[in-house]
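Quantities reported herein were computed from a predicted structural model and do not represent experimental measurements.
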Amino acid sequence: MSITPALVQNEIHPYYQENDVIPYIQNLGIVVQGWYPFGGRGYTQEMLSDKTMAKIAKAHGKSVAQVILRWNLQKGVVVIPGSSNPAHIQENTEIYDFKLSKKEMRQINALDRHEKHDWY
């Protein structure tokens, strides 16, 4: 008997994008869920300070965190942004009133370093 998983969790963020893996999993009818969307412990500040993403965020009147979450959603990736800060939790929900252009998506895709931040 073979059971297809409903969901696969992978580390996915602008510096570790899994661009070959995501469509493969999605084509099997499996949901991709990305954890560490902001890079994970010890890496968040660098990612949220990225100049390319800051420029895109400014163009939309959004934060870099919101741009990262929107980028994931436009790739069809469900994200898990963790926070205990009520303001950050609220901000993380405000990503449905803008859309990244194809050019902006390409700019973020160009940031891929194949840089995995957690090994499990």
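Using a 4.5 Å cut-off on side-chain heavy atoms (C-beta onward), His13 and Ile68 make no contact. His114 has its side chain out of reach of Gln17: every pair of non-hydrogen atoms, C-beta onward, lies at least 4.5 Å apart. Here the side chains of Leu111 and Tyr16 are not in contact, with every heavy-atom distance at 4.5 Å or above. Counting heavy atoms from C-beta outward, Val32 and Val8 have side chains that stay 4.5 Å or more apart.
Criterion: ILVMFWY side-chain heavy atoms under 4.5 Å apart, direct or through other members. Under it, Tyr96 and Met105 are part of a common hydrophobic cluster. In the hydrophobic clustering of ILVMFWY residues, with side-chain heavy atoms under 4.5 Å counting as a link, Leu69 and Ile89 come out apart. When hydrophobic clusters are built by joining Ile, Leu, Val, Met, Phe, Trp and Tyr residues whose side-chain heavy atoms come closer than 4.5 Å, directly or via intermediates, Val67 is not grouped with Trp35.
Applying the salt bridge (charged side-chain N to carboxylate O under 4.0 Å, His left out) criterion to Asp97, with sequence neighbours excluded, gives Lys62. Every residue meeting the side-chain contact (heavy atoms from CB on, under 4.5 Å) condition with Leu28, not counting sequence neighbours, appears here in chain and number order: Tyr24, Ile30. Remark: Tyr43 pairs with His117 by the ring-ring contact (aromatic ring centres under 6.0 Å, His included) rule, at least two apart or across chains. When the salt bridge (charged side-chain N to carboxylate O under 4.0 Å, His left out) test is applied to Arg113, the partners found at least two apart in sequence or on another chain are Glu46, Glu115. Under the rule for a side-chain contact (heavy atoms from CB on, under 4.5 Å), the partners of Arg106 that lie at least two apart in sequence or sit in another chain are Lys102, Lys103. Listed by chain and residue number, Tyr15 satisfy the side chain to side chain donor-acceptor pair (under 3.5 Å) test with Asp50 (two or more places apart in sequence, or in another chain). When the side chain to side chain donor-acceptor pair (under 3.5 Å) test is applied to Ser49, the partners found at least two apart in sequence or on another chain are Gln45. In terms of the side chain to side chain donor-acceptor pair (under 3.5 Å) criterion, Gln107 has no residue partners (sequence neighbours excluded). Listed by chain and residue number, nothing satisfies the salt bridge (charged side-chain N to carboxylate O under 4.0 Å, His left out) test with Glu94 (two or more places apart in sequence, or in another chain).
Summarising the geometry of Pro81 relative to Phe38, their closest heavy-atom pair is CB-CE1, 3.9 Å, with the distance given to 0.1 Å. Here the shortest heavy-atom pairing between Met47 and Pro14 reads SD-CD, 3.4 Å. The heavy-atom pair separating Gln74 from Leu100 by the smallest distance is OE1-N, 2.7 Å.
Although no hydrogens or angles enter the test, the distance criterion places no donor-acceptor pair under 3.5 Å between the side chain of Gln9 and the main chain of Gly34. Asn10 places no side-chain N or O within 3.5 Å of a backbone atom of Ile12 that could act as its donor or acceptor partner.
The distance from the CD1 atom of Ile95 to the OG atom of Ser63 is 10.0 Å, given to the nearest 0.5 Å. Here the NZ-CZ distance, from Lys99 to Arg70, works out to 7.0 Å after rounding to the nearest 0.5 Å. Note: Lys58 NZ to Lys51 NZ = 13.5 Å, rounded to the nearest 0.5 Å. To the nearest 0.5 Å, the span separating CD on Gln33 from CG on Asn72 amounts to 11.0 Å. A distance of 9.0 Å separates NZ of Lys75 from CD of Gln26, quoted to the nearest 0.5 Å. Between atom CG of residue Asn85 and atom CG of residue Asn92 there is a gap of 9.5 Å, rounded to the nearest 0.5 Å.
Here Val31 is tied into one hydrophobic group with Leu7, Val78, each link being a pair of ILVMFWY side chains closer than 4.5 Å.
Applying the ring pair (Phe, Tyr, Trp, His ring centres under 6.0 Å) definition to pairs two or more places apart or across chains, none involves residues 68-95. Applying the salt bridge (charged side-chain N to carboxylate O under 4.0 Å, His left out) definition to pairs two or more places apart or across chains, none involves residues 18-45.
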For Ile80 and Tyr36, what are the C-alpha separation, side-chain angles and deciding distance, and is it a side chain to side chain contact (heavy atoms under 4.5 Å, CB included)? CA-CA 7 Å; Ile80 307 173; Tyr36 281 167; over 6 Å; no
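For His60 and Phe98, the ring centers are positioned less than 6.0 Å apart.
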